[in-house]
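In each ligand, atom 1 is the first atom listed, and ligand 1 is the first ligand listed. Note that these values count all heavy atoms, side chains included, but never hydrogens, waters or copies made by symmetry.
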Amino acid sequence: MRSRRSLLLGPARLCLRLLLLLGYRRRCPPLLRNLVLRWRYGKVCLRSLLYNSFGGSDTVIDSAFEPVYWLVDNVIRWFGVVFVALVIVLTSSIVAIAYLCVLPLILHTYSVPRICWHFVYSHWNLILIVFHYYQAITTPPGYPPQAKTDLATVSICKKCIYPKPARTHHCSICNRCVLKMDHHCPWLNNCVGHYNHRYFFSFCFFMTLGCVYCSFGSWDMFREAYAALETYHQTPPPAFSFRERMTHKSLVYLWFLCSSVALALGALTVWHAVLISRGETSIERHINKKERHRLSSKGKVFRNPYNYGCLDNWKVFLGVNTRRHWLTRVLLPSSHLPYGNGMTWDPPPYVITPPDSVLAV
Ligand SMILES: [Zn+2]
Ligand SMILES: [Zn+2]
C-alpha cells in the first residue's frame, strides 16, 4: 500500500517543484507568490496540529467508517437477545413436534429395540445440546485483569488502555478485552473466548448431529407428509382430520428446518474443527496468514507457537488428559475448566510435541 502511494506521490511532487522553479525564474507576480507562501504556511500549521506518527490512510478509512461500525455493533448487541430467543423457540418447536407428531407414529410402526435406540440416542443428543448451549451463553469468555500484575503482556489495548496478554483481543460489541478471543457470537449473545470456546464448539457439533439425525430419521415421514400436502388442493378434497393436517405440516417444517440448519451449521462446525486442529482461533487465522506472507517474503517460515499437533490440539481444547475423559468430558455433559488461565500459554505436561519458537501475536 505504502509503496504504491510513494509511486504516485513521487512524480506529483517532482512536477510541483518544477512548476514552482519555473514560476520563480519567470518572476511570478508578488500576489501569486504571496498566495503560494500562505498556502505552504497553512499546510505546515495543519500538519503540525494533526500530526500523529501512527496516522495513515488506514486511520482515515477507519475514522470514516466509525459510524457504520458503531451502528453494526449496537444492532448486534441489541439483537443478541432476539437471536437467543429464536434459537430457544426453534429448538423447542422441533422437540415438541418430535414428541407430539413423530413419537405416536414411531410407537405404532417401529419394533421395540428400534424404539429404544431412538429414545436413548435422541435424549442423549438433546441433553448435550441444551447443556452446551446453556453453558455457552452463561459462561463468561474470560477477561484480562485490570489491576497491576506481573504477567507478561504483548501490547496495550487502544480502547481499554490496559495491558493485553497473548491471544487476547478487544471485542467492540462487548466493549472489553477477551482472553483467547475467537469471535463475538450473536446466536449466543456472548463472546467466544478461553472459558467458553469448548461449549460453543460442542453446541455446534451436537446441534449439527441432532439436525442430521432428525433429517435422516424423518425422511420417510416427510415424503409421505409432503405427498399428502400436495393432495390438499384436489377436488373433492381428501378427508384428513385437523390433527392429520397439522401433523403433515409439522413434519414438512421439521424436515426443512433441520436439513437447512444441518447444512449451514455443519459447514461452520467443520470450519471451526479445522481451526482447532491447527491450534488457531478465527482471529489468529487472519493474523497468522498475514504473518506467514510477511515472513515468506523474507525467505522465513512462520510457525504457530500454539500448534501442538492435531491430536494434542484437540486434547488441549477438549481438556482430555486420560482415555476415560473422552467419555466423561466429551460424550457426557462436563463443566471442567480449560487448561491454563488464558494469559500464559505454556504447553500442558501431557503434550509431547514442543511448540515452535516463532511467536504469533
Ligand atoms: Zn480492550
Ligand atoms: Zn463480544
K.L.:
Is any N, O or S atom of H169 under 2.8 Å away from the Zn ion (ligand 1)?
P.N.:
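False for H169.
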K.L.:
How many angstroms lie between CH2 in W187 and CG in L265, if you round to the nearest 0.5 Å?
P.N.:
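Spacing of CH2 (W187) from CG (L265) equals 10.0 Å.
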K.L.:
Measuring centre to centre across the rings, with the benzene-like ring taken for any Trp, is Y213 within less than 6.0 Å of H118?
P.N.:
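Yes, the ring of Y213 comes within the 6.0 Å limit of the ring of H118, centre to centre.
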K.L.:
For N/O/S atoms only: which one belongs to H184 and is nearest the Zn ion (ligand 2)?
P.N.:
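It is ND1 of H184.
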K.L.:
Indicate whether any N or O donor in one side chain lies under 3.5 Å from an N or O acceptor in the other, for Y133 and T91.
P.N.:
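No, T91 and Y133 have no side-chain donor paired with an acceptor closer than 3.5 Å.
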K.L.:
One pair to check against side chain to side chain donor-acceptor pair (under 3.5 Å): E280 and N304. What are the steps and the verdict?
P.N.:
CA-CA 8 Å; E280 287 177 329; N304 178 10; 4.6 Å; no
K.L.:
For a side chain to side chain contact (heavy atoms under 4.5 Å, CB included) with M207, tell me which candidate from N125, L128, I129 qualifies.
P.N.:
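Of the listed residues N125, L128, I129, the side chain to side chain contact (heavy atoms under 4.5 Å, CB included) partner of M207 is I129.
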K.L.:
Quick one: angle C177 SG - the Zn ion (ligand 1) - C160 SG, to the nearest 10°?
P.N.:
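The angle at the Zn ion (ligand 1) comes to 110°, rounded to the nearest 10°.
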K.L.:
Taking the Zn ion (ligand 2) as the vertex, what is the angle from SG of C191 to SG of C174, given to 10 degrees?
P.N.:
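It is 110°, given to the nearest 10°.
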K.L.:
Would you name the N/O/S atom of H170 that lies closest to the Zn ion (ligand 1)?
P.N.:
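Going through the N, O and S atoms of H170 one by one, ND1 ends up nearest to the Zn ion (ligand 1).
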K.L.:
Answer yes or no for C171: is there an N/O/S atom below the 2.8 Å cut-off from the Zn ion (ligand 1)?
P.N.:
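No, outside the cut-off.
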